[in-house]
Amino acid sequence: MLMPRKVKHRKIHRGGWSGSKATSGDKVSFGGYGLKAMEEGLVSARQIEAARRAMTRSIQRGGKVWIRIFPDKPMTKKGEQTPMGKGKGSVDHFVAKVRAGKMLFELDGIAKVAAAEAMRLAAHKLSIKTKFVERQ
């Protein structure tokens with residue numbers, strides 16, 4: 001699974017959303033087809049890996065896949081049946097903070113129909129609304 005080798009701060013604040021759309025990483029840059037986020041949200045490392053596996057299985061290891069997001073935000077969780085207080089929980093998993101309009105995955109080297117099907121399968125693994133786009 002994807003996770004940073006090292007982080008500056010082990011536990012960080014959750015932070016808020018600015019409400020604006022993505023300005024960088026919003027176009028298909030590497031491949032011919034892409035999967036674009038239509039809403040903001042948090043995408044976990046497990047979801048990214050599940051989507052990648054679904055895509056590569058669908059295209060039968062043909063073509064090339066680019067992952068345009070990286071889970072660099074640590075999320076903490078306290079143990080089950082733990083009373084309130086006693087500080088923040090330990091790091092449980094990592095997530096990628098995704099803005100609306102951000103390109104999540106890109107594909108190249110396969111037909112449009114096969115790419116659309118692979119992206120559809122990948123989109124089912126994610127917790128945000130997405131859209132299949134082509135390079136202009």
Side-chain angles (χ1 to χ4, degrees):
M1 257 192 306
L2 294 171
M3 66 167 32
R5 280 196 194 103
K6 177 171 131 171
V7 288
K8 188 171 184 181
H9 301 289
R10 195 165 51 94
K11 299 174 184 179
I12 61 171
H13 294 301
R14 286 180 66 93
W17 296 96
S18 62
S20 61
K21 291 193 174 182
T23 51
S24 63
D26 60 339
K27 292 175 179 61
V28 181
S29 304
F30 303 102
Y33 311 101
L35 191 67
K36 191 177 210 173
M38 288 286 98
E39 61 184 6
E40 61 194 21
L42 300 173
V43 180
S44 73
R46 282 175 181 262
Q47 290 172 349
I48 296 168
E49 179 62 15
R52 184 198 64 79
R53 281 186 181 180
M55 273 193 295
T56 50
R57 198 169 279 148
S58 172
I59 61 177
Q60 292 157 0
R61 289 179 299 194
K64 179 151 175 59
V65 176
W66 286 270
I67 302 171
R68 299 283 307 272
I69 54 173
F70 186 79
D72 57 350
K73 186 179 175 69
M75 298 300 277
T76 59
K77 187 175 182 184
K78 293 183 89 164
E80 288 293 315
Q81 309 240 330
T82 307
M84 298 291 270
K86 309 264 192 300
K88 194 169 181 167
S90 57
V91 174
D92 183 50
H93 61 280
F94 286 86
V95 296
K97 206 168 175 182
V98 175
R99 278 180 161 177
K102 176 80 172 166
M103 198 62 60
L104 306 174
F105 297 98
E106 291 188 26
L107 268 173
D108 203 17
I110 56 170
K112 182 183 177 181
V113 178
E117 177 61 16
M119 293 293 191
R120 185 187 70 79
L121 292 170
H124 283 297
K125 307 292 181 188
L126 303 172
S127 58
I128 56 174
K129 287 182 188 168
T130 56
K131 182 171 91 173
F132 176 73
V133 292
E134 263 188 283
R135 188 176 205 151
Q136 267 96 19

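- Under a 3.5 Å cut-off, the side chain of K112 and the backbone N or O of G32 do not form any donor-acceptor pair.
- Side-chain contact between F105 and T130 is absent, with no heavy-atom pair separated by less than 4.5 Å.
- For R57, there are no side chain to side chain contact (heavy atoms under 4.5 Å, CB included) partners, not counting sequence neighbours.
- Between V95 and S44 the shortest side-chain heavy-atom distance falls below 4.5 Å.
- Proximity of V7 to V91: side-chain heavy atoms (C-beta onward) are nowhere separated by under 4.5 Å.
- L42 places a side-chain heavy atom less than 4.5 Å from the side chain of R14.
- Taking a 4.5 Å side-chain heavy-atom cut-off between Ile, Leu, Val, Met, Phe, Trp and Tyr, the cluster of M103 extends to V28, V133.
- At a cut-off of 3.5 Å, with distance as the only test, no side-chain donor of R120 or S58 sits close to an acceptor on the other residue.
- Atom NZ of K86 has 12 or fewer heavy atoms from other residues, nucleotides or ligands within 6.0 Å.
- By the 4.5 Å heavy-atom criterion applied to side chains, L126 and V98 are not counted as neighbours.
- Checked by atom type and distance alone, the side chain of K102 never pairs as donor or acceptor with a backbone atom of K97 at under 3.5 Å.
- By the 6.0 Å contact criterion, NZ on K77 is open, its count of non-hydrogen atoms from other residues, nucleotides or ligands being 12 or less.
- Shown are Q47, R52, R46; of these, the side-chain hydrogen bond (donor to acceptor under 3.5 Å, both in side chains) with E49 is made only by R52.
- Screening residues 64-74 for side chain to side chain donor-acceptor pair (under 3.5 Å) gives R68-E106 as the qualifying pairs, with residues at least two apart or on separate chains.
- By the 4.5 Å heavy-atom criterion applied to side chains, F70 and L2 are counted as neighbours.
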